[in-house]
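The next block holds one structure in the form of structure tokens; read it before the comments.
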Amino acid sequence: AGTGKFFVGGNWKCNGTKDSITKLVADLNDAKLENNVDIVVAPPYIYVDQVKQSLTDHIEISAQNCWVGKGGAFTGEISAEQLIDIGCKWVILGHSERRHIIGEDDQFIGKKAAFALSQNLKVIACIGEKLEERETGKTFDVCFQQMKSFADIILNWMDVVIAYEPVWAIGTGKVATPQQAQEVHAAIRDWLKKNVSAEVASSIRIIYGGSVNGSNCSELAKQQDIDGFLVGGASLKGSEFAIIVNSVT
Ligand code: G3P
């Protein structure tokens, strides 16, 4: 890990029921969690309020998405102001499932990030290459292009965490090696230094996501430019999520 405060997010995706989420919250409330870690969980929208009411304050709440602008006649959407209203502090934007399954493009995601930040919602900005892009040597190009779409519109980076999530590692059990992840994290930091500022590059947290679990987290956490994790499947088990949180070095 680098110099920024270690950050671990649990992205619950479209999983859970009232009952299973009640149990997960109870397990997280009972877990022994390191104090010096920023911890965030992202329940499905409809459970955000339930989780906010019942979860320890040590863990902040994130949404998994939000609308691109002010609320209004946008059927099925949730606005940044509404998330703030119910005590949500963070939003995940640009997740590969939204990019590649739902079809959100770089520009739309950039706009969402800028609007969310303008409403004082902090942003977990996700980037990452697909398998064929890695295999054809395009990893850096893809990641830098996605970074550019954020950098073109974001002015305040203080409330941003970057999540590098190679698509081939998400939900596949094929975690990036510590060296693979470190190489991309260092390249993103270098890109920020050249294209945003040295200050942002050195202070921003760059976290890794993609098949992180209780067994592979500590080797990853030792890498210089890995400042934490965004965890999917393993965040649905309180005890395993606690191991990942406590892998802070
Ligand atoms: O946002 C977290 C994520 O996409 C990783 O999912 O299940 O591979 O940990 P998973």
Side-chain angles (χ1 to χ4, degrees), residues 6-16 20-21 24 27-28 37-45 47-48 51 59-66 88-104 109 112-113 116 121-131 133-134 139 142-143 146-147 150 160-178 180-181 184-185 188 205-221 223 226-247:
F6 205 66
F7 182 105
V8 178
N11 177 6
W12 297 355
K13 308 194 178 181
C14 186
N15 290 295
S20 72
I21 285 175
L24 179 52
D27 289 348
L28 290 171
V37 180
D38 283 337
I39 314 170
V40 169
V41 293
Y45 279 142
Y47 302 112
V48 165
V51 174
I59 304 180
E60 292 189 324
I61 313 292
S62 175
Q64 299 174 16
N65 181 33
C66 72
C88 190
K89 296 263 169 48
W90 293 85
V91 63
I92 298 171
L93 293 173
H95 192 280
S96 73
E97 286 145 19
R98 296 211 63 88
R99 290 178 187 272
H100 304 306
I101 302 174
I102 320 283
E104 293 189 7
I109 295 162
K112 283 189 175 192
L121 206 50
K122 300 179 195 184
V123 171
I124 301 168
C126 304
I127 64 167
E129 82 288 358
K130 296 196 246 183
L131 182 61
E133 293 165 339
R134 173 161 285 261
T139 297
V142 171
C143 290
Q146 293 172 349
M147 283 303 301
F150 286 117
V160 180
V161 167
I162 307 280
Y164 168 59
E165 300 206 317
V167 182
W168 47 271
I170 296 177
T172 57
K174 260 185 85 179
V175 64
T177 65
Q180 282 174 322
V184 181
H185 283 227
I188 296 166
R205 271 93 51 96
I206 306 176
I207 62 175
Y208 168 79
S211 296
V212 174
N213 61 34
S215 330
N216 59 31
C217 55
S218 44
E219 279 308 308
L220 287 158
Q223 302 303 309
I226 298 184
D227 303 308
F229 301 111
L230 189 56
V231 187
S235 72
L236 299 170
K237 284 174 251 153
S239 55
E240 188 162 14
F241 188 64
I243 293 172
I244 298 169
V245 168
N246 295 340
S247 70

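Excluded from the calculations below are hydrogen atoms, water molecules and symmetry mates; all remaining heavy atoms, backbone and side chain alike, are included. FYI, the numbering just counts along the sequence from 1. As the structure lists them, so they are numbered: ligands from 1, and atoms in each ligand from 1.
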If we number the atoms of ligand 1 from 1 as shown, the ones under 4.0 Å from a heavy atom of Ala169 are 8 (O)
Yes or no on side-chain contact (heavy atoms from CB on, under 4.5 Å) for Val184 and Thr139, after CA distance, side-chain angles and deciding distance? CA-CA 8 Å; Val184 181; Thr139 297; 4.0 Å; yes
Atom 2 (C) of ligand 1: closest protein heavy atom, distance to 0.1 Å, is Glu165 OE2, 2.9 Å
With heavy atoms and a 4.0 Å threshold, my read on which part of Ala163 contacts ligand 1 is neither
Using a 3.5 Å cut-off on N or O atoms only, is Thr172 in polar contact with ligand 1? no
Among non-hydrogen protein atoms, atom 6 (O) of ligand 1 lies closest to Lys13 NZ, 3.3 Å
Exercise for review: Determine the interplanar angle of the Phe229 and Phe6 rings, folded into 0 to 90°, and report it as parallel if under 30°, tilted if 30 to 60°, perpendicular if over 60°.
Suggested key: perpendicular
Is the shortest distance from a heavy atom of Gly210 to ligand 1 less than 4.0 Å?
yes
I'd like to know if Glu104 and Arg99 make a salt bridge, using a cut-off of under 4.0 Å between side-chain N and carboxylate O.
no
Check your understanding: Polar-atom distance check: Asn11 versus ligand 1, any N or O pair below 3.5 Å?
Key -> yes
When rounded to the nearest 0.5 Å, the distance separating CD1 of Ile244 from CG of Leu230 is 10.5 Å
Numbered in order shown, the ligand 1 atoms found under 4.0 Å of a heavy atom of Leu230 are 1 (O), 2 (C)
Looking at Ser235, Ser96, Ser211, the heavy atom closest to atom 10 (P) of ligand 1 belongs to Ser211
Value for NE2 (His100) from NZ (Lys130), rounded to nearest 0.5 Å, stands at 5.0 Å
Is it the case that ligand 1 has an N or O less than 3.5 angstrom from some N or O of Gly171?
yes
Asp27/Lys237 salt bridge by N-O under 4.0 Å criterion = no
Check: Got an N/O contact under 3.5 Å between Gly233 and ligand 1?
Finding: yes
Rounding to 0.5 Å, atoms CH2 (Trp90) and SG (Cys66) come to a distance of 13.5 Å
Taking the side chain as everything from C-beta on, heavy atoms only, tell me whether Val41 gets closer than 4.5 Å to Trp12. yes
For atom 4 (O) of ligand 1, the closest protein heavy atom turns out to be His95 NE2, 2.7 Å
A side-chain contact here means heavy atoms from C-beta on lying under 4.5 Å apart; do Tyr208 and Gln223 qualify? no
Looking only at protein heavy atoms, what sits closest to atom 9 (O) of ligand 1 is Gly232 N, 2.8 Å
